[in-house]
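The block underneath contains the structure these notes are about, expressed in structure tokens.
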Amino acid sequence: MGAGKSIVGERVAEAIARPFVDLDRLIERRHGPIPKLFERGEHEFRRIEEGILAEALAGPESVIALGGGAVLSPLNRERLRARAFTVYLDVGVETAWERVRGSDRPLAQREADFRKLYESRQDVYAAAADAVAQDADDVLLASLGLRFGGALSPRAPVVIADARVLELHPAPVEAPVHTLPRGEAAKSLAIVERLWRELTIGREGTIVAFGGGSTTDVAGFVAATYLRGVPWIAVPTTLTGQVDAAIGGKTGINTAEGKNLAGAFHFPESVVIDPDLLATLPEKDRRGGLAEVVKTGLLSGRAVWELPEAEMIRACAAHKAGVVLSDPYETEGRRARLNLGHTFAHALEAGSGYRVAHGEAVALGLLAALRLSGQPTDAVEEILRPEPVEADLDTAWAALKRDKKGEGVFVLLEAPGKPVVTTVPDAEARAALVSLVRQ
Ligand SMILES: NC(=O)c1ccc[n+]([C@@H]2O[C@H](COP(=O)([O-])OP(=O)(O)OC[C@H]3O[C@@H](n4cnc5c(N)ncnc54)[C@H](O)[C@@H]3O)[C@@H](O)[C@H]2O)c1
Ligand SMILES: [Zn+2]
């Protein structure tokens, strides 16, 4: 009661594009006002609540706000365990009481009783919940297994780590370590084969990936394929990894024909994010990550880049978690919006023979996307300061046309926070590309 579950529930539902069901509202619509129902006895109310929760759980995937007493029923708890990811929204008794005092809620008439009720329910809530949250971002993060801090205790772990990262930081868990060449060089079939040969864990073993996006991509792919799939945990050590690459279950390697051409969806059991690991990150890698941060800010309509670093990372990670949960396997077109600026970026990377770094290319890609959208470019220009790069125009144009998002289809912005997937005439797209290349 008073935790804000209707507001948080609605926000989560919107972020993951699923319907929102407020159980109490649904009960009232069918059976009349809850205070009136309580007059017939709490037992009768709980019986009705059990029936309606069972119905909601059997319906299409949705976000359900439960009344504060719903988890008192063992039957409800059992059904939740079987069908739902359950989050305890805990704002503390003070805040909760401030919000409900003076309302007509039958169980919130006297402060002393309310406090006693809150206390008495803590154990049941803790037992029923898969996670505890304070706000909508917490719910999104927890739903995808993303967490900030906390101990790491996987079963039978083995660590796959970037060589440079290991020089700078202790491995996140005590276990045998397999070291990868630093950065992108690790994303090769030769490295995957080496790991397939070297690994000795069984199906119950867990791979812990410790490094940037290159490490989580390749270690995640090894986890997807070794013994037809073993669990894995991502511990990203770059800004790009913490706001983007380690989130969303896409794993893979490069082939001679291009980047990320072999891979699999294989969601990590958890992603453990520690912004302190970024203290050693070289400036150019930080700037690369910042391009994805600005992208996220444009997509979410929130100036996330103005937040202190740890909060900025949390906001970006939660945004990506929401989009991923709305379309986990990229079958509904919703994940495509994360490619804002990326069609141009990939073209510039290809056109420069991959000499232009991804982040630099994304900064330019965002500029082009904003120009084509008729949206202000000041945030991108002030924070990322993109400059035209050297690239072969014809190669870049061919790459753009070939881009896997389909011919002429781009992610643009109707307004900050309102991405649209739309077509752009060739002439306009080409002119936008030309403006990104040094003449
Ligand atoms: N799977 C996805 O959804 C997804 C999304 C975005 C990007 N990616 C992939 O991620 C890769 C890029 O990842 P990245 O930008 O994180 O870089 P990276 O993993 O290639 O690492 C870049 C450099 O930073 C070093 N490094 C890493 N952590 C460090 C630290 N804490 N301190 C000092 N040095 C550190 C590495 O040794 C390396 O030299 C690309 O291959 C890209 O395709 C994947
Ligand atoms: Zn990117």
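Nothing here was measured: the structure is a model prediction, and the numbers come from that model. Numbering of ligands and ligand atoms starts at 1, following listing order. Count residues from 1 along the sequence.
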Under 4.0 Å between heavy atoms, the region of Val165 that gets near ligand 1 turns out to be side chain

### Query
Charged N to carboxylate O below 4.0 Å: is that the case for Arg430 and Asp394?
yes

So for Leu168 against ligand 1, with non-hydrogen atoms under 4.0 Å, the contacting part is side chain

Among Lys187, Arg182, Glu184, closest by heavy atom to atom 39 (O) of ligand 1 is Arg182

Ranked by distance from atom 21 (O) of ligand 1, the top protein heavy atom is Gly183 CA, 4.0 Å

Closest to atom 36 (C) of ligand 1 among protein heavy atoms sits Asp162 OD2, 3.4 Å

Check your understanding: Are Glu167 and Arg164 within salt-bridge range, i.e. N to O under 4.0 Å?
Key -> yes

Candidates Leu239, Thr238, Leu338, Ile253; heavy atom nearest atom 16 (O) of ligand 1 found on Thr238

In His342, the N/O/S atom nearest the Zn ion (ligand 2) carries the name NE2

If you scan protein heavy atoms around atom 22 (C) of ligand 1, the nearest is Asp285 OD1, 3.5 Å

Numbered in order shown, the ligand 1 atoms found under 4.0 Å of a heavy atom of Lys320 are 3 (O)

The option among Asp276, Leu281, Val218, Thr240 carrying the non-hydrogen atom nearest to atom 29 (C) of ligand 1 is Leu281

- request: In plain terms, say whether Lys5 and Asp90 are close enough for a salt bridge, that is, a side-chain N and a carboxylate O under 4.0 Å apart.
  value: no

| Does the side chain of Ser6 come under 3.5 Å of the side chain of Asp22 through a donor N or O and an acceptor N or O? | yes

Between Arg11 and Ala136, the two heavy atoms sitting closest are CB-CB, 3.8 Å

Charged N-O contact under 4.0 Å between Glu184 and Lys259:
yes

heavy-atom search around atom 9 (C) of ligand 1 in the protein gives Asp217 OD2, 3.4 Å

Counting heavy atoms under 4.0 Å, the part of Asn260 that contacts ligand 1 is side chain

>> Ignoring hydrogens and geometry beyond distance, is a side-chain donor-acceptor pair present between Arg182 and Thr215 at under 3.5 Å?
In response: no

If only side-chain N and O atoms count, and only distance matters, is there a donor-acceptor pair under 3.5 Å linking Lys250 with Asn260?
no

Under 4.5 Å between any side-chain heavy atoms of Asp130 and Val87, yes or no? no

Answer yes when Arg286 and Glu309 have at least one side-chain N-carboxylate O distance shorter than 4.0 Å, and no when they do not. yes

Does either side chain, that of Arg334 or that of Ser326, offer a donor lying less than 3.5 Å from an acceptor on the other one? yes

Note to self: I want to know if ligand 1 touches Thr215 in the polar sense, i.e. an N/O pair below 3.5 angstrom.
What the structure shows: no

- What do you reckon, does Leu277 put a non-hydrogen atom under 4.0 Å from ligand 1? yes

Q.
Do Leu57 and Ile64 have side chains that approach each other closer than 4.5 Å (heavy atoms only, starting at C-beta)?
A. yes

_Within the structure, is a non-hydrogen atom of Gln242 found at a distance of less than 4.0 Å from ligand 1?_
no

Residue, atom and distance of the protein heavy atom nearest atom 34 (N) of ligand 1 read Pro282 CD, 3.6 Å

In this structure, atom 28 (N) of ligand 1 is nearest to the protein heavy atom Thr237 OG1, 2.8 Å

Looking at Glu292, the N/O/S atom that lies nearest to the Zn ion (ligand 2) is called OE2

Note to self: Looking only at distances, can you tell me whether any N or O atom of Gly211, backbone or side chain, sits closer than 3.5 Å to an N or O atom of ligand 1?
What the structure shows: no

Within 4.0 Å of some non-hydrogen atom of Lys250, the atoms of ligand 1 are 1 (N), 3 (O)

Side chains of Pro181 and Ile191: closer than 4.5 Å at any heavy-atom pair? yes

**Message:** The test is side chain to side chain donor-acceptor pair (under 3.5 Å); show your working for Tyr118 and Glu94 and say whether it passes.
**Reply:** CA-CA 10 Å; Tyr118 180 90; Glu94 304 300 333; over 6 Å; no

key: Pairwise side-chain contact, Leu364 with Phe344, heavy-atom cut-off 4.5 Å (strictly under)   = no

Check: of Ala234, Ala186, Ala245, min heavy-atom distance to atom 5 (C) of ligand 1 comes from Ala245

Worksheet item: Does an N or O anywhere in Thr280 fall below 3.5 Å from an N or O of ligand 1?
Response: yes

Counting from 1 in the order shown, the ligand 1 atoms closer than 4.0 Å to a non-hydrogen atom of Lys259 are 40 (C), 41 (O), 42 (C), 43 (O)

Min N/O separation Arg164 to ligand 1 under 3.5 Å:
no

Looking at His358, the N, O or S atom sitting nearest the Zn ion (ligand 2) is NE2

| said: Donor-acceptor check, side chain of Lys320 to backbone of Val243, threshold 3.5 angstrom: yes or no? | reply: no

of all protein heavy atoms, closest to atom 18 (P) of ligand 1 is Ser214 OG, 3.4 Å

Q) So, for Phe267 and Tyr329, is the gap between ring centers shorter than 6.0 Å? A) yes

for atom 14 (P) of ligand 1, nearest protein heavy atom and its distance come out as Gly213 N, 3.5 Å

Under 4.0 Å from one or more heavy atoms of Gly212, ligand 1 contributes atoms 16 (O), 19 (O)

Quick note on ligand 1: atoms under 4.0 Å from a heavy atom of Asp244 include exactly 5 (C), 6 (C)

